[in-house]
Amino acid sequence: MKWTLPNILTLLRLIAAPGLAVMFLYFTRPYADWFALLLFVTAAVTDWFDGYLARAWKQETKMGAMLDPIADKAMVVIALMILVGYAEEHWTPWLVLPATVILFREVFVSGLREYLGDTAGTLKVTHLAKWKTTAQMIAIATLFSQGIFEHYLLKRPEDFAGLNWIDAGVEWSGRLGLWLLWIAAVLTVITGIDYLRKAMPHLKEAH
């Protein structure tokens, strides 16, 4: 493996993915929520940054191309698992359903790419898939922030005035996060169908 800066950033993002769960193992809330949010946002930023640097510096490698989608999927899968698992007052099928769609698509497309082998290059990342990734990254970060607002709301004294913004934070971070997660889920279905359509000729040949 070539230890270029883009590859190092990708590898760090891959290592950081299970770190999201570790935050909730070693820290109490809301510190775990804060650290998980900061870790996730940092990883999302480096996702764009390492790709940009690899192209700009002409340092694109096979190892980097292999690790990048793995790191992205690991970060999203673990983050969604945490959000569903730690959803307390706002646990709802409206959160579980889009998360299920996104997770199913990630597993399905990964399996499809593995089955196609050398011909998996036909399943190139589209602009719509990039929009899907952006929507789900923002959605997950927003839902992490809801956990922070909720914790402070539960610890607020009943007679403590002037913190209505916390109530608004809980409500709007939840709404915005769910809306964006559903948008990501819809884009997930569309891009998943598109990948399957592109793979069908190769699947027929294999059969």
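This structure is a prediction, so every number in the text was calculated from the model and none was measured.
Annotation: the span from Ile8 atom CD1 to Thr46 atom OG1 amounts to 12.5 Å, rounded to 0.5 Å. Here Leu38 contributes atom CG and Phe144 contributes atom CZ; the two are 11.0 Å apart, rounded to the nearest 0.5 Å. Between atom CD1 of residue Ile140 and atom CG of residue Leu37 there is a gap of 11.5 Å, rounded to the nearest 0.5 Å.
For Phe49, the ring pair (Phe, Tyr, Trp, His ring centres under 6.0 Å) test picks out no residue, with sequence neighbours left out. Trp131 is linked by a ring pair (Phe, Tyr, Trp, His ring centres under 6.0 Å) to nothing, counting only residues two or more places apart in sequence or in another chain. Thr142 pairs by the side chain to side chain donor-acceptor pair (under 3.5 Å) definition with nothing, not counting sequence neighbours. Taking the ring pair (Phe, Tyr, Trp, His ring centres under 6.0 Å) definition, one finds that Trp48 meets it with Tyr52, sequence neighbours left out.
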Sequence neighbours excluded and cut-off under 3.5 Å, please list the side-chain donor-acceptor pairs for residues 9-23, or say none.
from	atom 1	to	atom 2	distance (Å)
Thr10	OG1	Pro6	O	3.0
Thr10	OG1	Asp50	OD2	2.8
Arg13	NE	Asp72	OD1	3.2
Arg13	NH1	Asp50	OD2	2.5
Arg13	NH2	Asp47	OD1	3.3
Arg13	NH2	Asp68	OD1	2.6
Arg13	NH2	Asp72	OD1	3.1

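Annotation for Ala141 and Val41: closest pair CB-CG2, 4.1 Å, computed over non-hydrogen atoms. Ala135 and Ala184 get closest at one heavy-atom pair: CB-CB, 4.0 Å. The shortest non-hydrogen separation linking Phe27 to Ala32 is O-CB, 3.7 Å.
Linking Ile, Leu, Val, Met, Phe, Trp and Tyr whenever their side-chain heavy atoms come within less than 4.5 Å puts Leu143 and Phe35 in one cluster. Leu95 and Leu176 are not part of a single hydrophobic cluster, where members link through side-chain heavy atoms under 4.5 Å apart. Cluster annotation: Trp182 is not connected to Met137 through the hydrophobic network of ILVMFWY side chains, with a link wherever side-chain heavy atoms come within less than 4.5 Å. By the rule that hydrophobic residues join a cluster once side-chain heavy atoms approach within less than 4.5 Å of another member, Met81 and Val96 end up as members of one cluster. Grouping the Ile, Leu, Val, Met, Phe, Trp and Tyr side chains by contacts below 4.5 angstrom, directly or via other members, places Ile190 apart from Tyr195.
Side-chain atoms of Leu181 and Ile102, non-hydrogen and from C-beta on, do get closer than 4.5 Å to each other. Two residues are said to be in side-chain contact when any heavy atoms from C-beta on lie closer than 4.5 Å; Val189 and Val101 meet this criterion.
Arg105 pairs in a side chain to side chain donor-acceptor pair (under 3.5 Å) with only one of the listed residues (Thr100, Thr191, Thr188), which is Thr191.
Side-chain contacts under 4.5 Å among hydrophobic residues (ILVMFWY), followed directly or transitively, place Val107 with no other residue at all.
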